[in-house]
J.: 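Sharing a structure below in structure tokens format, with a few things to ask.
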Amino acid sequence: MLSIAVLILGRNFDGVLPIRYNRLLAFNLFCSYGMLVSFLIQGYAAVSITFSTLSILVGFIFYRLCQTDISVYGQKQVWYRYIHAALIFNMISNLGTFLLAWTMATQPGDTILRLASVYFYLHFQYNGWFFFGIMGLFHQWLYLQKISLPNALIQFRLFAISCVPTYLLSINWMSFPAALHVLTILTALMQLIVFGIFLSALWKRKDNIAGGLSPVMRWVLLAVAIASVIKFGLQTASSLPTVAHFAFGLRPVVIAYLHLVLLGIISLFLICWLYMNKALKTTRVTAFGIIIFVSGIILNEFFLLVQGISSLSDTYISGMPQALAVAAFILVTGIVIILQENIIPVAKSSHCRTVKLTPPRQLD
């Protein structure tokens, strides 16, 4: 949300957001921590549902603020179309939360409907809010660099149209008409092809894109592209019911996929995007923290893969929980190093100087 607010208002990260955004983002952070603690203590109950509902309201208010503050010219840009779609999919995903609450209250024994509700939320979060959000951020950076991609608007429309039916991929283990199975296969193939065309266009402009990036960030951006290809490949494979039954029957496989998207694509891209917008320092310490973080992601995926294969072959491999804990520790260490180098010095210096307000910059 912070990155999107910076884009909408045309601000730099060294500027100050309007008070309405600061308060809303702070309240959203408060709700997030509230959900984290309450879910750990009592699960899906009154307190956690309250925080969850409040965070949903934040999403609607944030959408309204963005709609109000974006310029008329900005609304016509491809990058904002991605951002606008991301905000809408974020709101749509909340239907899964309400359906889950209703299911647990009225049909607590219906595990299929409960899982369908959870996967509805996860699908529109990961494949809607997250994916369209980072695509919007990346297209806006390309726009500022005067790098034009052919058929970008058509690609956006195809991604947006296919986002809703690809929800069926998340519940492909359920029984529904053959026509819907065919639809899921076609939409999954379409997304894979469109993303391949998108990457091909980027590859032809790789010199312009990589020109202002450090070697580490070039590798990070390449890692995001590789993880995205794996993601769309796995998504296409899961359109086959037999593969879906296999994948969703193994918890480590599901977790590995979610971590691939959240850590390998979303988190790594945001780190790279912050660097591209000069919100991260170009120091060796920052690069070292990123390398540690990427190492943690690779280890996490590897251990989950081993765990999944061992479950499939009915072979017990000891020490996997401890190995995953080590991978998580490496992830946290990388983030701490990045924060220590970039965020903490800024926070300390803010006590000694006044941050000037950067006036909104209109996009020509």
Side-chain angles (χ1 to χ4, degrees), residues 39 44 93 96 100 111-131 134 162-163 165-176 180-181 183-185 187-189 191-192 195-196 223-269 293-332:
F39 271 115
Y44 203 75
S93 69
L100 177 62
T111 56
I112 294 180
L113 186 57
R114 187 162 69 240
L115 284 175
S117 304
V118 172
Y119 285 130
F120 184 94
Y121 174 79
L122 290 175
H123 170 75
F124 285 102
Q125 282 283 303
Y126 279 66
N127 299 311
W129 168 230
F130 293 161
F131 174 74
I134 64 172
S162 60
C163 185
T166 48
Y167 162 64
L168 296 175
L169 292 171
S170 301
I171 56 173
N172 210 16
W173 41 269
M174 296 176 61
S175 298
F176 44 79
L180 291 181
H181 282 297
L183 177 63
T184 59
I185 294 174
T187 52
L189 283 173
Q191 282 198 344
L192 180 63
F195 190 75
V224 173
I226 294 174
S228 300
V229 172
I230 296 174
K231 180 259 184 192
F232 280 103
L234 292 175
Q235 178 178 286
T236 304
S238 68
S239 63
L240 303 175
T242 53
V243 177
H245 279 282
F246 159 74
F248 289 101
L250 295 175
R251 186 178 180 184
V253 174
V254 176
I255 297 176
Y257 176 80
L258 295 177
H259 284 192
L260 174 71
V261 177
L262 187 60
L263 298 175
I265 300 176
I266 307 302
S267 298
L268 281 185
F269 173 81
F293 183 72
V294 173
S295 301
I297 295 175
I298 295 174
L299 288 175
N300 180 271
E301 291 295 308
F302 174 75
F303 292 142
L304 286 172
L305 179 62
V306 171
Q307 203 173 37
I309 293 175
S310 65
S311 299
L312 182 64
S313 60
D314 291 328
T315 303
Y316 176 75
I317 300 179
S318 62
M320 281 297 101
Q322 292 81 359
L324 287 170
V326 171
F329 177 77
I330 294 174
L331 283 167
V332 173

J.: Name each donor-acceptor pair under 3.5 Å that joins a side chain in residues 258-267 to protein atoms two or more places apart or in another chain, with its distance.
T.:
{"from": "H259", "atom 1": "ND1", "to": "N300", "atom 2": "OD1", "distance (Å)": "2.9"}
{"from": "S267", "atom 1": "OG", "to": "L262", "atom 2": "O", "distance (Å)": "2.7"}

J.: Quick one: list whatever passes ring pair (Phe, Tyr, Trp, His ring centres under 6.0 Å) with F39, sequence neighbours left out.
T.: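 Testing F39 for ring pair (Phe, Tyr, Trp, His ring centres under 6.0 Å), a comparison that skips the adjacent residues, returns Y44.
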J.: By the side-chain hydrogen bond (donor to acceptor under 3.5 Å, both in side chains) test, which pairs, at least two apart or in different chains, include something from residues 318-331?
T.: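 Output for this query is empty, none listed.
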J.: Return the set of residues passing ring pair (Phe, Tyr, Trp, His ring centres under 6.0 Å) with H181 (not counting sequence neighbours), or none when no residue passes.
T.: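 Here the qualifying residues are F176.
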J.: Just do the side-chain contact (heavy atoms from CB on, under 4.5 Å) check on L299 and V326 with the steps written out, would you?
T.: CA-CA 9 Å; L299 288 175; V326 171; 5.6 Å; no
J.: Among T184, L234, T236, which one satisfies side chain to side chain contact (heavy atoms under 4.5 Å, CB included) with L169?
T.: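 For L169, the side chain to side chain contact (heavy atoms under 4.5 Å, CB included) test succeeds with only one of T184, L234, T236, which is T184.
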J.: For F130, check ring pair (Phe, Tyr, Trp, His ring centres under 6.0 Å) against everything at least two apart and list the hits.
T.: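 Only Y126 meet the ring pair (Phe, Tyr, Trp, His ring centres under 6.0 Å) criterion with F130.
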J.: Taking ring pair (Phe, Tyr, Trp, His ring centres under 6.0 Å) as the test, write out the residues that go with F131, two or more places apart.
T.: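 Applying ring pair (Phe, Tyr, Trp, His ring centres under 6.0 Å) to F131 gives F159, F232.
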J.: Among residues at least two apart in sequence or on other chains, which ones pass side chain to side chain donor-acceptor pair (under 3.5 Å) with Q307?
T.: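 For Q307 there are no side chain to side chain donor-acceptor pair (under 3.5 Å) partners, ignoring immediate neighbours.
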J.: Please say which of L183, T187, L189 ends up in a side chain to side chain contact (heavy atoms under 4.5 Å, CB included) with I185.
T.: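 The passing option is L189.
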J.: Check side chain to side chain donor-acceptor pair (under 3.5 Å) between S228 and all other residues, then give those that pass, not counting sequence neighbours.
T.: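 Testing S228 for side chain to side chain donor-acceptor pair (under 3.5 Å), a comparison that skips the adjacent residues, returns none.
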J.: Who are the side-chain contact (heavy atoms from CB on, under 4.5 Å) partners of I309, not counting sequence neighbours?
T.: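 Listed in chain order: L305.
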J.: Taking atom CZ as the centre, does F195 end up with more than 12 heavy-atom neighbours from other residues, nucleotides or ligands that are less than 6.0 angstrom away?
T.: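 Correct, the count exceeds 12.
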J.: Heavy-atom distance under 4.5 Å between the side chains of Y167 and N127, does that happen here?
T.: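 Sidechains of N127 and Y167: no contact.
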J.: Quick check for you: to the nearest 0.5 Å, what is the distance between Y119 atom OH and L168 atom CG?
T.: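 Those atoms lie 14.5 Å apart.
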J.: If you compare all heavy atoms of G96 against all heavy atoms of F120, which two are closest, and at what distance to 0.1 Å?
T.: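 Smallest heavy-atom distance, with atoms named: N-CD2, 3.5 Å.
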J.: Who pairs with V118 by side-chain contact (heavy atoms from CB on, under 4.5 Å), at least two apart in sequence or on another chain?
T.: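 Testing V118 for side-chain contact (heavy atoms from CB on, under 4.5 Å), a comparison that skips the adjacent residues, returns L100, L122.
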J.: Mind checking side chain to side chain donor-acceptor pair (under 3.5 Å) for S93 and listing every partner two or more places apart, or none if nothing turns up?
T.: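 So S93 forms a side chain to side chain donor-acceptor pair (under 3.5 Å) with Q125.
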J.: Please enumerate all residues that pass side-chain contact (heavy atoms from CB on, under 4.5 Å) together with V306, with sequence neighbours excluded.
T.: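 V306: side-chain contact (heavy atoms from CB on, under 4.5 Å) contacts with F302, I317, M320.
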J.: Spell out, as yes or no, whether a donor-acceptor pair under 3.5 Å connects the side chain of H123 to the backbone of C163.
T.: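 Yes, the answer is positive, given that a donor and an acceptor are paired below the 3.5 Å cut-off.
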J.: State the OG-CZ distance between S117 and R114, to the nearest 0.5 angstrom.
T.: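 So the gap between those two atoms works out to 9.0 Å.
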J.: OG1/T166 to CD/Q191 distance, rounded to the nearest 0.5 angstrom?
T.: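 T166 atom OG1 to Q191 atom CD measures 4.5 Å (nearest 0.5 Å).
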